[in-house]
Amino acid sequence: MKKSRKAPAFMPKLVTDILLRLPVETLLRFRCLSTSLCAEIDSPDFAKNHLCRSIQSKARQKLIINNEDFVDPTDFFYVNFDSNFEYTILLNNPLKSSRRCTSVCGSCNGLFLLGIFVKDQTMDFALWNPFTKRYRKLPPCPVQTLPGYKKFISFGLGCDSALNDYKSVMIAKIHESNNDDDDDCVRFQVWVFSLKSDSWRRIQDVEDELTSWVGSFANGALYWGCENKLVGFDLANEVFFDLPLLNDCGPTAIYYDIVVVFGGNVYTPIIHAEEDTIEFYLWVDNDGGEVAGGCWRKEFTLEKETNVSFSLFPPFPLAYSKEGDGILLHKGNLIYWYNFETKKRRRVKIHLIPDVPTYNFHVCWESLVSPGNNAAFDGEAEEVILGDLEAD
């Protein structure tokens, strides 16, 4: 009788390596092939390694688009960097309402924190992965039931990589007096929802009112703008820290308390109005930790084209090109590629997305990151729509 051949010992490793190269949609279909394969694809370690492979290979980067027009709220869409934005793909919005718009309150590793007003200043929140089509509504944040609660002023979503835990951060304005004009009685309470512990926890208050609605995640921390400085929040240690603003870039410089995160790094813009240029400075840590201190280093400069002015409002970088020779910028109702060598810009038009300022753009990597246990399915409404990439 002929003996059956055994699979080589390296086969499981080879299979895993192949799986890590596949898009999320294909991996979700492969879950039904076997119990062991399903367990592998659903594991947090596989999701983490799959994301790392995408970032390293610069593959499967997406541009998520949503309209935050309170009068005419719409769905979410996404386009692929890999296909030059040729197709616009409609996504289900798990918090969709015909009367209220859904806001993106943070994003990290393909996971989105969504928020929607339900009554006055009360909000519902959900964690959502648009690529696995899974979402989970968060339990109500306890601060909304406290006496003196006025409103949320800032949000953020980030990853504590040491614990592999995703944390949602809410900052709320509290009046500890019946007199709303008494600024001495204003507190800014901070609440953190841990996906791993499935619970809310109040931590130290933040001293100053932040000027950014949404915090941006980079290098284990969230960052917001604040008057005369930038504020960071270390997700592992759950402490706030300050980053200084630039103040020595020449007499024509216009400074902003704006933090810009893209490519996994923290930047701040400086506009030179007379020269009509904008410089982006990169925050560099002294010894690997933002809390320990660091400095700003000029990373690149954008120059205007003929009849194109940056005016007093800087464009926001979204992502570097795959080749590194340009950058995708968002300004007002426009997005365009800027080439570092030619100093030329190329307008990008996305099918079904009109040139209105209420559309927001969020760059992310396609991922398998789970929004938590008992996550629900957002439905089967995804639709692929052929579009055109146009350049001016």
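On a predicted model such as this, the values are computed, not experimentally measured, just so you know.
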Within the supplied structure, the quantity of interest is the number of heavy atoms (other residues, nucleotides, ligands) at a distance under 6.0 Å from E341 CD; does it exceed 12? no
Assign the ring pair F240 / W224 to parallel, tilted or perpendicular, where the plane angle (0 to 90°) is split at 30° and 60°. tilted
Quick one: does NZ or CZ of R347 land under 6.0 Å from the six-membered ring centre of Y336, within 45 degrees of the ring axis? no
Any residue meeting ring pair (Phe, Tyr, Trp, His ring centres under 6.0 Å) with F125, in chain and number order, not counting sequence neighbours: F152, F155
Donor-acceptor pair, N237 side chain versus V239 backbone, under 3.5 Å? no
By salt bridge (charged side-chain N to carboxylate O under 4.0 Å, His left out), which residues pair with E299, not counting sequence neighbours? R297
Within the 4.5 Å heavy-atom criterion, are F193 and C141 side-chain neighbours or not? no
For residues 44-51, which side-chain N or O atoms pair as donor and acceptor with protein atoms under 3.5 Å away, sequence neighbours left out?
from: N49; atom 1: ND2; to: D45; atom 2: O; distance (Å): 3.2
from: H50; atom 1: NE2; to: L22; atom 2: O; distance (Å): 2.7

Aromatic ring centroids of Y267 and Y281 under 6.0 Å? no
Is the ring pair F241/Y223 parallel, tilted or perpendicular, if the boundaries are 30 and 60 degrees? perpendicular
Could you go through V104 and L113, starting from their C-alpha distance and side-chain angles, then the distance that decides it, and tell me whether this counts as side chain to side chain contact (heavy atoms under 4.5 Å, CB included)? CA-CA 6 Å; V104 173; L113 175 64; over 6 Å; no
Look at the aromatic rings of W337 and F85 and report parallel, tilted or perpendicular, splitting at 30° and 60°. parallel
S103 (side chain) donor-acceptor with C105 (main chain) under 3.5 angstrom: no
Can you check whether I278 reaches I270 side chain to side chain, under 4.5 Å on heavy atoms? no
Less than 3.5 Å apart, any donor N or O on the side chain of H330 or N360 sitting next to an acceptor on the other? no
